[in-house]
Undergrad: 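Handing you a structure now.
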Amino acid sequence: MTSGTLDGLPESEVTAGLYKLAALPAWLLAPLQAKPVTAALRQAIPEFGSGALELKSCKIKRMLLKGDGHWAGTYALGIEGPNGKQSLALRGTFTPPALRTTALPAATPDVSLGAEGWRLVLPEFGLELVPEPPESELAAMPLLTDAEAARAMLEQGIRENTYPDMQIASCQPEVLSYKPGSRCTLRYHLAYPPELAARGWPASVIAKTYRKDSKGRNAYEGMVALWKTPLASGSTVTLAEPLAYIPEHKVMVQGPVPAEQSLEDMLKDALTADTPEAYAELHGYMIRTAAALAAFHQSGVRYGATVTLDERWAELHELQARLSTAVPELNDVVTPLLEQLEARAIAAPPDAAVPTHGTFNPEQVLISGPHIGIIDFDDFCMAEPALDVGLFIAAIKDIGMNALDDEQARNLAARRARLVRLDAIGDVFLTFYERLAPISRERVALWQAWSYLRDTLHFWVKAKPAEPDNGLLMLVSLLQHIGIFPPPDPQAAAAVTERARRRAGIPSARYMAYASALLGGLAVRADDLSELLGMAAPLLG
């Protein structure tokens, strides 16, 4: 077996399992290929064969593996006919070869396209298609998008929770994001009676509604706990003021967080610009983010369920079991690696639990001048600090790898070069964090390993038409770093060790002084940043 990502690694149970995951098989890719599926639909659907309708396009985003071993996805058809252009969503269910006890019989629709009871089977793809069921709407959506009804709801909710005398004259709803049946986020632009306009109430608020009561309630109560600490002053990090939780509608209301861009956008911009100046600016905001997260972790808040790495290992075992139902040859494919990682976790006990964001990533860090804000506390919990730090670093790499253009994504050397750059960016964040708050680098690496291994399994579970194996590439790189695999270049490994030695020699007081300068909005030179972090100047070039 060969795989560009895995070639050169010694043979072992671990590498044997990862080789099996390195590439999707032709039978799984077949129902994800738009051109052949489109051709089959034109031939099999009577309306297209007769010329009554013309199939202009077929878009397939992904197929998701369900618990019964079948993949399901949406086939979005672009159709043109006597009534002009229209769209039709079909729900596709793919049966893998292992579950096809007999050959799938072809089925031609006997009712008009998209009508109730319409069904099509394409045996050559193992694919059954039916009309996409209508999306279930969140119960609160009609109220949330009606200006007057929303005004009354917001006024009553905020009065009961935060400002007893608030009066809202009018509100203008704006849907920011909407996932039908799951969650919706809206911004409301508020106006107050003229005599109350100077009360200092927010000009806009953010409202989120959820399918489950627990998500919104957890976010609100966690934010209330944070708002009672010095963090509410905004000197280190800007947090949204929790304004209300309205249980009958499962709606959480919060104040706005100023933002010119997200840290995710800045990361992508820096990678595109690829200049020392862009990286120096990005590194400065990574340090601000590290200082903000350290302050959050050390706020003393005790709220939420306790999340452990052991629970997350169990999730990977369950994910592997689901995959083996559909693909028996993948049974226990990552078990040898999981056993090694679990043993390392036992040998390196976690730090004490701290208040934890739960899904911390650069998308949730908002930039406004020299200040940053943190949003989206839906998964607020108690956990070791390595959870937030490890997942944040993993997200940096995931965002950066997915930002490669199509040509770069097909070039293994370009992908590896990008990963080296992202490693350096993540190390800026980690190096600064560990000088401000206690943390175990071993545990940070384990949480990253969990994230990358989950991505490697999701490569199959959330199959896409064309996607590089970035999860596997990041996983292999990390396993080389922590010694499960040998390093690709001994000299490069020695350079990493030397940088770590130089970092360790920098007094913590200098980090604290530097954090204060950054948080105060003072300009910092790129060479000063390089010196402080104990890294060579070429890192920024």
Side-chain angles (χ1 to χ4, degrees), residues 222-223 225-240 257 263 266-267 282-304 307 350-368 370-377 379-396 425-448 500 503-504 506-522 524 529 532-534:
M223 291 168 65
L226 288 173
W227 202 251
K228 295 177 181 177
T229 73
L231 293 180
S233 70
S235 60
T236 304
V237 58
T238 304
L239 302 176
V257 174
L263 187 60
M266 178 175 282
L267 170 61
L282 173 65
H283 289 177
Y285 279 97
M286 285 291 171
I287 290 174
R288 288 180 171 95
T289 303
L293 184 64
F296 165 49
H297 284 169
Q298 296 183 312
S299 66
V301 167
R302 305 287 302 179
Y303 175 78
V307 174
D351 294 317
V354 297
T356 299
H357 185 281
T359 57
F360 194 52
N361 69 70
E363 181 184 10
Q364 296 158 334
V365 177
L366 303 184
I367 296 170
S368 178
H371 308 294
I372 65 158
I374 297 178
I375 60 172
D376 295 342
F377 287 91
D379 293 283
F380 197 116
C381 62
M382 299 296 296
E384 59 179 309
L387 186 159
D388 276 345
V389 174
L391 297 191
F392 184 81
I393 294 172
I396 289 172
I425 294 169
D427 199 43
V428 169
F429 174 82
L430 176 56
T431 297
F432 207 88
Y433 179 96
E434 69 182 350
R435 290 308 178 96
L436 302 175
I439 195 166
S440 163
R441 278 196 173 232
E442 291 82 358
R443 299 293 297 192
V444 171
L446 287 168
W447 276 100
Q448 289 181 73
R503 281 195 306 268
I506 301 174
S508 297
R510 290 188 63 194
Y511 281 80
M512 297 295 289
Y514 199 68
S516 298
L518 281 170
L519 294 170
L522 300 181
V524 177
L529 175 62
L532 179 78
L533 294 172

Undergrad: Indicate the atoms forming the closest heavy-atom contact of Thr236 with Ala295, along with that distance.
TA: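 Minimum heavy-atom contact is CG2-CB, 3.8 Å.
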Undergrad: Name all residues meeting the side-chain contact (heavy atoms from CB on, under 4.5 Å) criterion together with Ile396; count only those two or more places apart in sequence or in a different chain, and write none if there are none.
TA: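 Checked Ile396 against side-chain contact (heavy atoms from CB on, under 4.5 Å); matches are Leu267, Met286, Pro362, Phe392, Leu422, Ile425.
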Undergrad: Which residues satisfy the side-chain contact (heavy atoms from CB on, under 4.5 Å) test with Ala353, sequence neighbours excluded?
TA: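 Counting only residues at least two positions away or on another chain, Ala353 forms a side-chain contact (heavy atoms from CB on, under 4.5 Å) with Met382.
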Undergrad: Please report the shortest heavy-atom distance between Cys381 and Gly358, naming the atom on each side.
TA: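 Smallest interatomic distance, heavy atoms only, reads SG-CA, 4.4 Å.
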Undergrad: To the nearest 0.5 Å, tell me how far Ile287 CD1 sits from Phe432 CZ.
TA: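 Reported to 0.5 Å precision, the distance equals 5.0 Å.
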Undergrad: Please report the shortest heavy-atom distance between Gly390 and Gln448, naming the atom on each side.
TA: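 Gly390 and Gln448 have their closest heavy atoms at O-CG, 3.4 Å.
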Undergrad: Which heavy atom in Ala292 sits nearest to a heavy atom in Ile372, and how many Å separate them?
TA: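 Shortest heavy-atom separation between Ala292 and Ile372 comes out as CB-CD1, 3.5 Å.
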Undergrad: Measure the spacing between CE of Met266 and CG of Leu366 and express it to the nearest 0.5 Å.
TA: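 That separation rounds to 11.5 Å.
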Undergrad: If the plane angle is over 60° it's perpendicular, under 30° parallel, otherwise tilted; pick one for Phe429 and Phe360.
TA: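 Rings of Phe429 and Phe360: tilted, as their planes differ by 30° to 60°.
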Undergrad: Closest approach of Ala395 and Asn361, non-hydrogen atoms and distance?
TA: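 The answer is CB-CB, 3.5 Å.
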Undergrad: Looking at residues at least two apart in the chain, or sitting in another chain, which of them share a side-chain contact (heavy atoms from CB on, under 4.5 Å) with Ala225?
TA: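 With sequence neighbours excluded, Ala225 shows a side-chain contact (heavy atoms from CB on, under 4.5 Å) to Val301, given in chain and number order.
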Undergrad: Is any side-chain heavy atom of Thr359 closer than 4.5 Å to one of Leu391?
TA: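 Side chain of Leu391 against side chain of Thr359, heavy atoms only: no contact under 4.5 Å found.
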Undergrad: Tell me if a side-chain donor or acceptor on Thr431 pairs with a main-chain N or O of Val428 at a distance below 3.5 Å.
TA: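 Such a contact is absent between Thr431 side chain and Val428 backbone.
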Undergrad: Just checking Gln364: does its CD atom have more than 12 heavy atoms from other residues, nucleotides or ligands closer to it than 6.0 angstrom?
TA: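 Yes.
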Undergrad: Under the side-chain contact (heavy atoms from CB on, under 4.5 Å) rule, collect the residues that match up with Val354, sequence neighbours excluded.
TA: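 Once residues adjacent in sequence are excluded, the partners of Val354 under the side-chain contact (heavy atoms from CB on, under 4.5 Å) criterion are His297, Thr356, Pro385.
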Undergrad: Of all the heavy-atom pairs spanning Leu239 and Leu226, show the shortest one and how long it is.
TA: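 Looking at all heavy atoms of both residues, the closest pair is CD1-CB, 4.1 Å.
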Undergrad: Please state whether the rings of Phe380 and Phe296 are parallel, tilted or perpendicular, taking 30° and 60° as the class boundaries.
TA: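 Plane angle over 60°, so perpendicular.
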Undergrad: For Glu442, check side-chain hydrogen bond (donor to acceptor under 3.5 Å, both in side chains) against everything at least two apart and list the hits.
TA: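 Glu442 satisfies side-chain hydrogen bond (donor to acceptor under 3.5 Å, both in side chains) with Ser440 only.
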Undergrad: Do the side chain of His357 and the main chain of Leu293 share a donor and acceptor less than 3.5 angstrom apart?
TA: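 Not at all, since once roles are kept as given, no pair shorter than 3.5 Å links the two residues.
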Undergrad: Are the side chains of Leu282 and Leu263 in touch, meaning some heavy atoms are under 4.5 Å apart?
TA: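 In short, these two side chains touch, coming nearer than 4.5 Å.
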Undergrad: Quick check for you: to the nearest 0.5 Å, what is the distance between Ile367 atom CD1 and Thr238 atom OG1?
TA: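 Reported to 0.5 Å precision, the distance equals 11.5 Å.
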Undergrad: Examine distances only and state if a side-chain atom of Arg288 and a backbone atom of Pro370 form a donor-acceptor pair shorter than 3.5 Å.
TA: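 A pair under 3.5 Å: yes.
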Undergrad: For the atom pair CD1 (Ile375) and CE (Met223), what is the distance rounded to the nearest 0.5 Å?
TA: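 With rounding to 0.5 Å, CD1 (Ile375) is 9.5 Å from CE (Met223).
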Undergrad: Give a yes or no answer on whether the side chain of Thr289 reaches the backbone of Tyr285 with a donor-acceptor pair at less than 3.5 Å.
TA: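 Judged by distance alone, yes, a pair lies under 3.5 Å.
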